[in-house]
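A note on names: the letters A, B, ... follow the listed sequences, proteins ahead of strands, and every chain is numbered from 1. Worth knowing before you read on, the calculation uses all heavy atoms, side chains too, and leaves out hydrogens, waters and symmetry mates.
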Amino acid sequence: MAGSNPNAKPMDLTLKVWRQKDKNSAGAMVTYPVKGISPDMSFLEMLDVLNEDILRRGEDPIAFDHDCREGICGMCSLYINGRPHGPERGTTTCQLHMRHFNDGDTITIEPWRAAAFPVHKDLVVDRSAFDRIQQAGGYVSINTGGVPDANAIPIGKSIADKAFDAATCIGCGACVAACKNASAMLFVSAKVSQMAMLPQGKVEAKTRVENMVAQMDVEGFGACSNTGACAAECPVGISLENIAIMNREYLSAKATSENVLA
Amino acid sequence: MILDSKIPEGPLAEKWDKHKFNVKLVNPANKRKYEIIVVGTGLAGASAAATLGELGYNVKAFCFQDSPRRAHSIAAQGGINAAKNYQNDGDSVFRLFYDTIKGGDYRAREANVYRLAQVSVNIIDQCVAQGVPFAREYGGLLANRSFGGAQVSRTFYARGQTGQQLLLGAYSALNRQIAYGKVKMYPRTEMLDLVMVDGKARGIVVRNLITGKIESHSAHAVVLATGGYGNVFFLSTNAMGSNATAAWRAHKKGALFANPCFTQIHPTCIPVSGGYQSKLTLMSESLRNDGRVWVPKTVEIAQQLRSGQITVNDIKEEDRDYYLERKYPAFGNLVPRDVASRNAKLVCDEGRGVGSSGLAVYLDFADAIRREGQPAIAAKYGNLFEMYAKITDENPYERPMRIYPAVHYTMGGLWVDYNLMTNIPGLYATGEANFSDHGANRLGASALMQGLADGYFVIPYTIGDYLAQTPYDKVSIDHPAFKEAEQAVIAKNNQLLSINGTRTVDDFHKALGQIMWDHCGMARNAEGLQFAKQEIRKLRDEFWRDVKVVGVNEELNITLEKANRVADFLELGELMVDDALNRNESCGGHFREEYQTPENEALRDDENYTYVAAWEFTGVGNEPVLHKEELEFENVKLTQRSYK
């Protein structure tokens, strides 16, 4: 079985990988040579090959998060050569292929770096802060059953499409890793603006944005200083416009908040 | 053991309504006295956990991923079926029911499938109310498309990311209950055993995947929404972590496993490119609405193509064989998955396959692009084309995609009755983890429908019937049954850690996958299956002698996690082979080469095999015991499926 490009030659690479035993241990970069890497491999398959070698030597393989390997679950991460998900725009690490590297390259691989994302082990970080932000308001408060017919509320196609664009966030955390302030504004704004655009979400728009932003602050994410690094590195192209929408929603919510006196 | 499916009496269309009235209710004030465990947070699990929390039960939900939002339902691309008949094209609850029964080659239960079609309409309402951004028309109403195996447009979709949007909807409902304190969420936690007390499911033993700590959780009922077992084959479209451990360990505690040989091979996946390959990527079958499947007419042309003497665009129109359109003029490229997959294998076996391996066929959009223009095709399939280009480094707008079938979904699963309860009282199985709705072949866009039907609209009713008859008393996790199960889990982990052999877990997993693909894949025969059974046994013995698992239990240990899962696959694989050997007929995804029509179509044996094969575990290496649930068809006539 050969790859799609029969002329592609195997590559030898040098990897510098962050190894850290657990949350409480200090970590360090460790160098691993890898040989005979096919350009058709995905980046994670290259790490699989390395891990098999490490394992055969009886050593502890490198822990990294991954699951669907189709670019949609948001579980994979990795800060590759100083960029979240590596050098290709609009690509998760699992969809990054080795053909974007050259024979002889040295590649550094680190975990997401953010106070709100502590390292569990090696390249695996704790992103549960994202779940807690969603729990603070990322929903429409309806129970199962007793809802109107799906076609009862027409929604203009352009609004539906824009809401969809915001809804495609995969929750990987690349935006936080890319930001010098480790801000989670792009992540939070994607959900806030999706809901604010749709009639179903408008009912609770004010409390939602207030509560989600408050939780974002509790989790220790930094402030937004409008560098746009988050959107540039987002693997699914979540737009900066969402942050503008969230800021507007937040201001108008605060200006008329029922929580002001609380 | 007598299998009682508990199908309600009465006409098909009235069974579910009557049953909902007849089931016992739990008083709202008493619901808080019950605890329910839900394992898995995909569509079936997240929807069940959220809805049970809304009703007032105390729910504990578990997933092995770092967040419930990552369950593999998220990767479903094409859509979700519902009998809304918004398109006025002749759809109805009965038609969706009929298509599903027929598509499943008459090996599913009528009553379950009818209920599925009935509640399908509620699912769409629910998801829209949650803010799920389905595709819409310019008038603001919901859009539909037709999907593999259906002649009406009943599929709702959100570009090529329908599973993602539906799961994020269910995740949002789950988050709301977590915030209210009605659901307690345990991410990065894997179920390793079921705990039974007095013959009833009363809890689970789990491993915390960060600390390695083995813990017990007690409840009044346990719901397994843990997905399918396609990763037995190593290469599949499943996620890397998808596994059968929860279901398999429940099976070893007495839950029957039904129709394990019914696996679905999806026709449109990106072909294998090398031995390092870790998974296969699906290209949604919605592509078959506009793509035309073909291979060269002759072996000679295919050889020239494979050796690089000519390129695909050199092949003249008259030298192309659009074999699906030729053989199935009525359905053409939209034949159901099993038919499309089998035909791809046939033409490749003839030597007419393309790509350097010869294990691929073309899916060609040139006609569609000529007809509608590239922007229109990009609007429909843009993200899929991009994904293809990223993986293969080829531009599908300029040359046809290469596709080949891959393991995708498992119709078999834990046996459940009409209430979705297994034969173990208090143990339920929902979504892909059970066997009940898709027979021997699942239609496209029906997995999402079933997962959400079970979680939002079935289990919330049926579990109440059981709990209403269950005392409030809790079982302490200090009960000997919990301690025994914990000890067994710890002993197994220690055994895996102490072998210190020479072969890695992946080595064994790949070897198992090869055996299964070669002998229990798209085509099976008695000789091959018997050979596979012996090979699996040898491999399993070797695994327990020679596997290499490093590290300790009390840490994040990726090798130990995998070793537990592969140990279970090595047992489940043998049961799949047993089931395939037992079923001396071809139906749906189960194609026994000895049983085919002169036109190479599946040849069922309705007289002898119109039953669900439910297997009882009797010990590793022992022959399992077969229990049969006869299937009765009162509303459809069994015919040979024809898509010609």
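- Interface remark: Ile37(A) contributes no atoms to any contact with chain B (heavy atom separation under 4.5 Å).
- Residues Ile170(A) and Gln164(B) form a side-chain contact, since some pair of their non-hydrogen atoms from C-beta on lies under 4.5 Å apart.
- Within the 4.5 Å cutoff, side-chain heavy atoms of Phe164(A) are placed close to those of Gln165(B).
- Shortest non-hydrogen contact noted between Ala167(A) and Leu168(B) is O-CD1, 3.7 Å.
- Among the candidates Gly137(A), Gly145(A), Ser42(A), Gly146(A), the residue making the largest number of heavy-atom pairs closer than 4.5 Å to chain B is Gly145(A).
- Taking NZ of Lys279(B) as the start and SG of Cys68(A) as the end, the distance is 6.0 Å to the nearest 0.5 Å.
- Neither the backbone nor the side chain of Asp22(A) comes within contact range of chain B; no heavy atom of the residue lies under 4.5 Å from a heavy atom of that chain.
- Of the listed residues (Ile210(B), Thr211(B), Asn557(B), Ile124(B)), the greatest number of heavy-atom pairs within a distance under 4.5 Å of chain A belongs to Ile210(B).
- Options Ala179(B), Ser278(B), Gly241(B) differ in how many heavy-atom pairs under 4.5 Å they form with chain A, and the most are formed by Ser278(B).
- Considering only heavy atoms from C-beta on, His72(B) comes within 4.5 Å of Glu70(A) through its side chain.
- Distance alone, capped at 3.5 Å, places no donor-acceptor pair between the Asp40(A) side chain and the Ser273(B) backbone.
- Atom CD in Gln130(B) sits 10.0 Å away from atom CD in Gln200(A) (nearest 0.5 Å).
- At a 4.5 Å heavy-atom cutoff, Glu561(B) makes no contact with chain A through either its backbone or its side chain.
- Note that the NZ atom of Lys548(B) and the CD atom of Glu52(A) stand 12.0 Å from one another [nearest 0.5 Å].
- The heavy-atom pair separating Gly131(B) from Gln194(A) by the smallest distance is O-NE2, 3.1 Å.
- Here the side chains of His120(A) and Arg188(B) are in contact, with some heavy-atom distance below 4.5 Å.
- With respect to the salt-bridge test (charged N to carboxylate O, under 4.0 angstrom), the residues Glu88(A) and Lys390(B) do not qualify.
- Contacts from residues 499-507 of chain B to chain A, taken as heavy-atom pairs separated by less than 4.5 Å, involve Thr504(B), Asp506(B), Asp507(B) in sequence order.
- Interface check for chain A: of the options Thr237(B), Leu142(B), Thr281(B), Val132(B), the most heavy-atom pairs under 4.5 Å are formed by Leu142(B).
- Residues passing the side-chain contact (heavy atoms from CB on, under 4.5 Å) test with Pro61(A), sequence neighbours excluded: Asn51(A), Leu55(A), Val550(B), Ile558(B), Thr559(B).
- Each of Gly358(B), Gly551(B), Gly139(B), Ala158(B) has some count of heavy-atom pairs under 4.5 Å with chain A, and the biggest count is that of Ala158(B).
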Item to complete: Please report the C-alpha distance between Thr144(A) and Glu54(B) in whole Å, then the side-chain angles of each, then the deciding distance to 0.1 Å, and finally whether the side chain to side chain donor-acceptor pair (under 3.5 Å) criterion is met.
Response: CA-CA 8 Å; Thr144(A) 302; Glu54(B) 289 163 8; 3.2 Å; yes

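- The residues Arg136(B) and Asp161(A) are annotated as not salt-bridged, no charged nitrogen and carboxylate oxygen being separated by less than 4.0 angstrom.
- Both the backbone and the side chain of Leu141(B) have a heavy atom closer than 4.5 Å to some heavy atom of chain A.
- Enclosure of atom CD in Glu59(A) by more than 12 non-hydrogen atoms of other residues, nucleotides or ligands within 6.0 angstrom is indicated.
- Heavy-atom neighbours of Tyr32(A) OH from other residues, nucleotides or ligands within 6.0 Å: above the threshold of 12.
- Residues Lys157(A) and Glu137(B) approach most closely at CB-O, 3.8 Å, considering heavy atoms.
- For the options Arg132(A), Met75(A), Lys21(A), heavy-atom pairs under 4.5 Å to chain B are most numerous at Met75(A).
- Of the listed residues (Met185(B), Arg69(B), Met387(B)), the greatest number of heavy-atom pairs within a distance under 4.5 Å of chain A belongs to Arg69(B).
- Contact count against chain A (heavy-atom pairs under 4.5 Å) is highest for Ala75(B) among Ser73(B), Ala75(B), Ala71(B).
- Residue Lys162(A) qualifies as open at atom NZ: its count of foreign heavy atoms under 6.0 Å is 12 or below.
- In this structure, chain A has heavy atoms under 4.5 Å from both the backbone and the side chain of Asp66(B).
- In terms of heavy atoms, Ser172(B) sits closest to Tyr139(A) at O-CB, 3.5 Å.
- Tyr86(B) has its side chain within reach of Asn151(A): a pair of non-hydrogen atoms, C-beta onward, lies under 4.5 Å apart.
- With respect to the salt-bridge test (charged N to carboxylate O, under 4.0 angstrom), the residues Asp65(A) and Arg70(B) do not qualify.
- Of the possible polar contacts, none joining the Gln135(A) side chain to the Tyr180(B) backbone as a donor-acceptor pair under 3.5 Å is found.
- Ion pairing between a basic and an acidic side chain is recognised when a charged N comes within 4.0 Å of a carboxylate O; Arg159(B) and Asp165(A) show such pairing.
- Met240(B) CE to His66(A) NE2: the interatomic distance, rounded to the nearest 0.5 Å, is 5.5 Å.
- Ranked by heavy-atom pairs shorter than 4.5 Å toward chain B, the options Val147(A), Asp122(A), Ile155(A) are led by Ile155(A).
- No other option in Pro199(A), Gly171(A), Gly138(A), Gly71(A) has as many heavy-atom pairs under 4.5 Å with chain B as Gly171(A).
- Interface summary for chain B: among Pro148(A), Ala152(A), Ala163(A), Pro39(A), the most heavy-atom pairs under 4.5 angstrom belong to Pro148(A).
- Residues Leu556(B) and Val124(A) approach most closely at CD1-CG1, 4.1 Å, considering heavy atoms.
- When each of Ser128(A), Ala166(A), Cys169(A) is scored by its heavy-atom pairs under 4.5 Å with chain B, the top score falls to Cys169(A).
- Glu555(B) has a carboxylate O that lies under 4.0 Å from a charged side-chain N of Lys121(A), or vice versa, which qualifies the two as a salt bridge.
- Enclosure of atom CZ in Arg89(A) is not indicated, since only 12 or fewer non-hydrogen atoms of other residues, nucleotides or ligands lie within 6.0 angstrom.
- The closest donor-acceptor contact from the side chain of Asp125(B) to the backbone of Asp149(A) lies at 3.5 Å or more, if one exists at all.
- If you measure heavy-atom distances from Met195(A) to chain B, the contacts under 4.5 Å come from the side chain alone.
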Item to complete: Walk me through it: do Gln134(A) and Arg176(B) pass the test side-chain contact (heavy atoms from CB on, under 4.5 Å)?
Response: CA-CA 9 Å; Gln134(A) 294 292 341; Arg176(B) 179 167 161 253; over 6 Å; no

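- Contacts of Ser158(A) with chain B are absent, with no heavy-atom separation under 4.5 Å from either backbone or side chain.
- At a 4.5 Å heavy-atom cutoff, the contact between Val125(A) and chain B is made by backbone atoms alone.
- Across all their heavy atoms, Thr168(A) and Gln161(B) have their closest contact at CG2-NE2, 3.4 Å.
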Discussion item. The test is side chain to side chain donor-acceptor pair (under 3.5 Å); show your working for Ser67(B) and Arg127(A) and say whether it passes.
Written reply: CA-CA 8 Å; Ser67(B) 161; Arg127(A) 286 171 288 192; over 6 Å; no

